[in-house]
There are 2 protein chains.
Amino acid sequence: MKRASTSRGPRPGSIARVDGVNYADLGQHLGYALKRAQIASFEAFSRATAGEQITPPRFTALVILSGNPGISQTVLGEALGTARSGAMMLADWLEQRGLAERRHRDDDGRAWGLFLTAKGETLLRDLKRKVKRHDKLFAARLKPAEHSELLRLLAKLAG
Amino acid sequence: MKRASTSRGPRPGSIARVDGVNYADLGQHLGYALKRAQIASFEAFSRATAGEQITPPRFTALVILSGNPGISQTVLGEALGTARSGAMMLADWLEQRGLAERRHRDDDGRAWGLFLTAKGETLLRDLKRKVKRHDKLFAARLKPAEHSELLRLLAKLAG
DNA sequence: GCAAATTGTAATGATATATAACAATCGCCG
DNA sequence: CGGCGATTGTTATATATCATTACAATTTGC
């Protein structure tokens, strides 16, 4: 459906810094700082994946499928932090575009295993490259040491 | 409406690390790391504001209103990164609980100025204290120096 | 075998938020 | 002064995401 982008002002959700507005000590709040950074990162992601209809959850699903061939939809949902039904819709979406497929499982008649197709693998490789490049571009404001330090701190924070 | 919280497994959206799942190099992606950290932070925020129906955008709106008395709804929307209609609903919500009020503007017959009420100021003071305390608690995994370094890097990243 | 739990699925609902349309008002420019 | 475009607040509508609930098929444990 492609985002319209006909809007004039700052892109929705961008939390732009507006001139003349006093933001008080908002920057001291971890949550606010994280949100702002995440939005900036999301914009970089969008630029990287322009054209394709890839969202962060879809990208994550591709990565996890690639690293865990035959994973069940329930486990995929847990890994993504969504309800089973959410994993379902993701799987449907991937399947419809021929990026993944469901295969019957021998050991369990209820469950289906999810597998990336060759097309899915190819797309993922391409996406990873683009995302990494844009990540680097986007994080160019940081020195390399700062970049890795940030990743370390975020991981530590997320526990 | 208060979240149901009847769910059994990991809280939706938590992106829990699931045993036996291979996450590949997901942790190297800034966007993923940010999201995970933000979710953890959001949970801390929810704990801090349990009882009240305060969401991060509402909290941000309170802070901005406090620092910018008489701000217009359009500017508030820009500062929050939402469409005007979103700022509208936020203002409605705040007004309904007596936390803010709209006052006519002398200089512009179309625009309304937004002001925190005394009740709003009081609530904000209380919230700030709680949020700050939980932020610290939540960020306890980081050393104080790391905490401030993280804030600095995030701000630098968000530009 | 049979009850309970699990899996995938479908239908529904909630929520947040963007988009579009509209009236009132302002500001500019002739 | 008059009119036209832009802006503000507002409302209604659409959309996207995601949880919740219910259900059939199947597995597992007793």
Side-chain angles (χ1 to χ4, degrees), chain A residues 1-15 35 39 42 46 53-61 70-96 100-114, chain B residues 1-15 35 39 42 46 53-61 70-96 100-114:
Chain A
M1 203 56 64
K2 193 74 106 32
R3 167 156 274 128
S5 126
T6 58
S7 63
R8 205 68 41 149
R11 190 170 276 88
S14 66
I15 307 202
K35 175 122 206 176
I39 286 170
F42 175 75
S46 297
Q53 298 179 315
I54 295 296
T55 60
R58 285 171 188 163
F59 176 73
T60 304
I71 193 176
S72 78
Q73 303 183 52
T74 297
V75 175
L76 175 64
E78 286 173 9
L80 291 169
T82 84
R84 283 202 309 287
S85 60
M88 257 288 307
M89 299 191 310
L90 263 173
D92 284 349
W93 190 89
L94 294 172
E95 201 179 46
Q96 277 165 23
E101 57 186 16
R102 294 170 162 96
R103 290 190 213 149
H104 272 297
R105 271 202 183 178
D106 297 343
D107 59 327
D108 193 329
R110 301 164 297 179
W112 298 74
L114 293 174
Chain B
M1 202 54 68
K2 194 73 108 31
R3 169 157 269 126
S5 127
T6 57
S7 63
R8 206 69 41 148
R11 190 170 278 88
S14 67
I15 307 200
K35 176 122 205 173
I39 287 170
F42 176 75
S46 296
Q53 297 178 316
I54 294 296
T55 61
R58 285 171 188 165
F59 176 72
T60 304
I71 194 176
S72 78
Q73 301 183 49
T74 297
V75 175
L76 175 63
E78 286 172 9
L80 292 170
T82 83
R84 282 202 307 289
S85 59
M88 257 289 310
M89 297 191 313
L90 262 174
D92 283 349
W93 190 90
L94 293 173
E95 201 179 46
Q96 276 165 23
E101 57 185 17
R102 294 170 161 95
R103 291 191 212 149
H104 272 296
R105 269 203 185 180
D106 297 344
D107 59 327
D108 192 330
R110 302 164 297 180
W112 297 74
L114 293 175

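The sequence lines fix the lettering, A, B, ..., with proteins before strands; numbering per chain opens at 1.
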Between [atom2] on [N] and [atom1] on [X], what's the gap in Å once rounded to a whole number?
{"X": "B/F42", "N": "C/dA16", "atom1": "CZ", "atom2": "P", "result": "9 Å"}
{"X": "B/W112", "N": "D/dT7", "atom1": "CH2", "atom2": "C1'", "result": "16 Å"}
{"X": "A/L114", "N": "C/dT9", "atom1": "CG", "atom2": "P", "result": "9 Å"}
{"X": "B/H104", "N": "D/dG9", "atom1": "NE2", "atom2": "P", "result": "12 Å"}
{"X": "A/W93", "N": "D/dC18", "atom1": "CH2", "atom2": "P", "result": "13 Å"}
{"X": "A/L80", "N": "D/dT17", "atom1": "CG", "atom2": "P", "result": "14 Å"}
{"X": "B/L76", "N": "D/dT10", "atom1": "CG", "atom2": "C1'", "result": "15 Å"}
{"X": "B/M88", "N": "C/dA18", "atom1": "CE", "atom2": "C1'", "result": "14 Å"}

**Complete:** By nearest-nucleotide position on DNA chain D, the 5'-leaning member of A/M89 and B/M89 is B/M89
**Prompt:** Counting any heavy atom closer than 4.0 Å, what does A/R105 reach on the DNA or RNA strands: base, sugar-phosphate only, or nothing?
**Reply:** nothing
**Item:** Footprint string (nucleotides 23-30 of chain D, 5' to 3'): B base within contact, S backbone only, - free, heavy atoms under 4.0 Å
**Value:** --BBS---
Check this one for me: any side-chain N or O of [X] less than 4.0 Å away from OP1 or OP2 of [N]?
{"X": "A/R102", "N": "C/dT7", "result": "no"}
{"X": "A/T74", "N": "C/dG8", "result": "yes"}
{"X": "A/S85", "N": "C/dT9", "result": "no"}
{"X": "B/Q73", "N": "D/dT10", "result": "yes"}

**Prompt:** After noting the C-alpha distance and the side-chain angles of B/Q73 and B/R84, does the key distance pass the side chain to side chain contact (heavy atoms under 4.5 Å, CB included) rule?
**Reply:** CA-CA 7 Å; B/Q73 301 183 49; B/R84 282 202 307 289; over 6 Å; no
**Request:** Working to the nearest 0.5 Å, report the span between CE of A/M89 and CZ of A/R58.
**Result:**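 Result: 9.0 Å between the selected atoms.
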**Asked** Would you say A/W93 and A/Q53 make side-chain contact, with heavy atoms under 4.5 Å?
**Response** yes
**Asked** Do A/R102 and A/E95 have side chains that get closer than 4.5 Å, going by heavy atoms?
**Response**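 They are in contact (side-chain heavy atoms under 4.5 Å apart), so the answer is yes.
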**Asked** Can you tell which of A/T74, A/L76, A/L80, A/T82 makes a side-chain contact (heavy atoms from CB on, under 4.5 Å) with A/E78?
**Response** A/T74
**Asked** Cation-pi between B/R105 and B/W112: NZ/CZ under 6.0 Å from ring centre and within 45° of the ring axis?
**Response**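 Checked: cation-pi criterion not met.
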**Item:** Where A/P57 and A/L90 come nearest, the two heavy atoms and their spacing
**Value:** O-CD1, 4.3 Å
